[in-house]
Each structure stands twice: as structure tokens, then as C-alpha cells.
Amino acid sequence: MFNLILFGPPGSGKGTQSDKLVAKYGLKHLSTGNLLRQEIADKTPLGLEAKSFIDKGQLVPDEVVIGMVDSFFELHKGARGFLFDGFPRTAAQATALDKLLALKETGIAAVLALEVGEDELVKRLLNRGKTSGRSDDTDEGVIRKRFAVYKSETSAVADHYKAAGKFKSIKGEGTVEDIFSALCTAIDKKMA
Ligand code: AMP
């Protein structure tokens, strides 16, 4: 298996680039944000619980998210690899992911981190909020809260994979095609 983490703050382009990467490399896309939004749309108990956190810009509890990822693995046992987008977001999630992958006798090949300045991120998110229907993209207070959570909790994920020598920064500003091409170059090197 070949497993990648696409890392970066809210609005850094993970969703856009994930769609292109899974099409090119035949990986299964695992976006915990998308899975949570689907649970909310389906009005499941998990969705109801998650919504209260998402609307405030807070993280959904680790055990909820890890359980969801575990179920996703069960559903996609034959996958040739996964592209993780928006997961892991805490040190505990990173440790849980490493363990779940070890059970499958595999691991993370690389963590590619999209680097984008905060002013550009706010601009992109407010713009996305006009059309995405995502309530967490329309309120600048909620957006700033998500950045604060990213710095306080999610930066530990970067440290976790830096220590393992798997972390690589990629410039996340420029055209979609230029960023995609930089990601592909990094992935092709890892695959070689
Ligand atoms: P995203 O679409 O990845 O930006 O996620 C939207 C929101 O869903 C986040 O602000 C969190 O509230 C929640 N969420 C998504 N992924 C996770 C995760 N791995 N851990 C905790 N909360 C998450």
C-alpha cells in the first residue's frame, strides 16, 4: 500500500489537490471533514454530536473521528492506498493512525504540507463560504478559531511526522496546476 497525508491549515487547498491526486494515483480519499458533513446531512447521532463542535470551529473528539476512520478502513479493505485529508489533526489521532496502519502491515509514506499565509487563507475561506454552504466558512470568528486550534493542537501532528523523517513542506500559493505539479514531484520521488 502507499499512504499519504495531505497536511495544512483550513483553506490551504487540501480538498482541491486531493481530488486531483486520488485521480492520478488511484488512492482512496479519506477526508474526515467530508465524512462528518455527510453524517450531519444524514442526521445521524454522530452527525448531531459533531455539528456542535464544527459550528464553533472546534475539533470533534478524537474517539469519534478515530472510530469513523476505522469503519472507513473496514469498508475499503481492498484499497491500494489512502490519501488522508484533514486527518490526523491531533497527536493522539496520529498515534492511532500509525497503529491502525501497522495492523494492515503498512504505514505513512509521506506527509506533504501545503504552506499558505494566514491572510490568503482567510480570503480563500470567506470566498469559499459564499458558495460552499459551509457555515464554518462564513464567520471570520469561527475561521480564526480554526486557525488557533490548528496551531495549538494540529502542529503536534507535524512534529510527530518530522520526528519520523516523513514531513515535507510544499508551497501552497500559486496556480492549482503548479501546486499539483510540486506535489506530484514529491510523491513520484517517494514512489521511486
Ligand atoms: P475540514 O473539512 O477538514 O476543514 O473539517 C471541518 C471541521 O470538521 C473541522 O473544523 C473540525 O471541526 C471537524 N474535523 C474534521 N476533521 C477532523 C479531525 N480529524 N479531528 C477533529 N475534528 C475534525
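From a predicted model like this one, the values you see are computed outputs, not experimental measurements.
No more than 12 heavy-atom neighbours from other residues, nucleotides or ligands sit within 6.0 angstrom of NZ on Lys51. The number of heavy-atom neighbours closer than 6.0 Å to CG of Asp188, taken from other residues, nucleotides and ligands shown, is above 12. More than 12 heavy atoms of other residues, nucleotides or ligands shown are found within 6.0 angstrom of CZ on Arg134.
Considering all non-hydrogen atoms of both residues, Gly129 and Thr138 come closest at O-CG2, 3.6 Å. For the residue pair Val142 and Lys56, the shortest heavy atom distance occurs at CG1-C, 4.2 Å. Between Gly172 and Val116, the closest heavy-atom pair is O-CG2, 3.4 Å. Across all their heavy atoms, Ala94 and Tyr161 have their closest contact at O-OH, 3.7 Å. The two residues Ile170 and Ala186 have their closest heavy-atom pair at CD1-CB, 4.1 Å. For the pair Ala156 and Ala91, the tightest heavy-atom approach, listed with the atom from each and the gap, is CB-CB, 4.1 Å.
Side-chain contact between Arg80 and Met1 is absent, with no heavy atoms from C-beta onward closer than 4.5 Å. Here the side chains of Lys43 and Leu48 are not in contact, with every heavy-atom distance at 4.5 Å or above. The shortest distance between side-chain heavy atoms of Val111 and Lys168 does not fall below 4.5 Å. By the 4.5 Å heavy-atom criterion applied to side chains, Phe147 and Leu125 are counted as neighbours. Between Arg144 and Val122, the closest side-chain pair of non-hydrogen atoms falls below 4.5 Å. For the pair Pro61 and Phe53, the minimum side-chain heavy-atom distance is below 4.5 Å. In this structure, Phe180 and Leu21 have side chains that are in contact, with non-hydrogen atoms separated by less than 4.5 Å. Annotation: side chain of Lys20 is in contact with side chain of Glu177 (closest heavy-atom distance under 4.5 Å).
Tracing side-chain contacts under 4.5 Å through hydrophobic residues (I, L, V, M, F, W, Y), one reaches Tyr150 starting from Val60; they form part of the same cluster. Following chains of ILVMFWY side-chain contacts shorter than 4.5 Å, one can reach Val65 starting from Leu46, so the two form part of one hydrophobic cluster. Both Val157 and Leu30 belong to a single network of hydrophobic side chains, linked directly or stepwise wherever heavy atoms of I, L, V, M, F, W or Y lie under 4.5 Å apart. Under the 4.5 Å side-chain heavy-atom criterion for grouping Ile, Leu, Val, Met, Phe, Trp and Tyr, Ile187 is connected to Leu6 within one hydrophobic cluster. Both Phe84 and Val64 are assigned to one and the same hydrophobic cluster, defined by single-linkage of ILVMFWY side chains at heavy-atom distances under 4.5 Å.
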Should Met191 and Tyr25 be marked as a side chain to side chain contact (heavy atoms under 4.5 Å, CB included) after you check the CA-CA gap, both sets of side-chain angles, and the distance that decides it? CA-CA 11 Å; Met191 282 182 155; Tyr25 293 100; 3.7 Å; yes
Between Thr32 and Val69, is a side chain to side chain contact (heavy atoms under 4.5 Å, CB included) present by the stated rule, with each step listed? CA-CA 8 Å; Thr32 43; Val69 170; 3.9 Å; yes
Leu112 and Ile5: CA distance, side-chain angles, deciding distance, side chain to side chain contact (heavy atoms under 4.5 Å, CB included) verdict: CA-CA 6 Å; Leu112 304 177; Ile5 296 175; over 6 Å; no
What's the verdict on side chain to side chain contact (heavy atoms under 4.5 Å, CB included) for Leu183 and Leu114, showing C-alpha distance, side-chain angles and the deciding distance? CA-CA 9 Å; Leu183 288 167; Leu114 295 171; 4.2 Å; yes
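Proximity of a side-chain donor or acceptor of Lys14 to a complementary backbone N or O of Pro9 within less than 3.5 Å is detected. Of the possible donor and acceptor atoms, one in the side chain of Gln93 sits under 3.5 Å from a partner among the backbone N and O of Arg89. In terms of modelled atom types and a separation under 3.5 Å, the side chain of Arg146 and the main chain of Asp136 share a donor-acceptor contact. The backbone N or O of Gly107 lies less than 3.5 Å from a partner atom in the side chain of Asn3, making a donor-acceptor pair. A distance-only check finds a donor-acceptor pair linking the side chain of Gln17 to the backbone of Val176 [under 3.5 Å]. Checked by atom type and distance alone, the side chain of Thr106 never pairs as donor or acceptor with a backbone atom of Ala102 at under 3.5 Å. Distance alone, capped at 3.5 Å, places no donor-acceptor pair between the Thr154 side chain and the Thr90 backbone.
With respect to Glu140 and Lys145, no salt bridge is recorded, no charged nitrogen being found less than 4.0 Å from a carboxylate O. Under the 4.0 Å criterion applied to side-chain N and carboxylate O atoms, Glu118 and Lys123 are not assigned as salt-bridge partners.
Between Phe7 and Phe167, the angle of the ring planes goes over 60°, which puts this pair in the perpendicular group of the 30/60° scheme.
With rounding to the nearest 0.5 angstrom, the OG atom of Ser12 is 9.0 Å from the CD atom of Glu115. Here CG of Leu97 is found 4.5 Å from CD1 of Ile108. Values are rounded to the nearest 0.5 Å. The CD1 atom of Ile143 sits 8.5 Å away from the CZ atom of Arg128 when rounded to the nearest 0.5 Å. In this structure, Lys24 NZ and Leu83 CG are separated by 13.5 Å, a value rounded to the nearest 0.5 Å. Of the inter-residue distances, the one linking Phe87 atom CZ with Leu36 atom CG reads 11.0 Å to the nearest 0.5 angstrom. Rounding to the nearest 0.5 Å places CD1 of Ile179 at 9.0 Å from OG1 of Thr16.
For Glu39 and Thr44, the side-chain atoms include at least one donor-acceptor pair closer than 3.5 Å. A donor and an acceptor atom, one from each side chain of Asn34 and His29, are nowhere located under 3.5 Å apart.
For the pair Lys28 and Phe82, the cation-pi criterion (under 6.0 Å, within 45° of the ring axis) is not fulfilled. Relative to the ring axis of Phe73, Lys104 places its NZ or CZ within 45° and under 6.0 Å from the centre.
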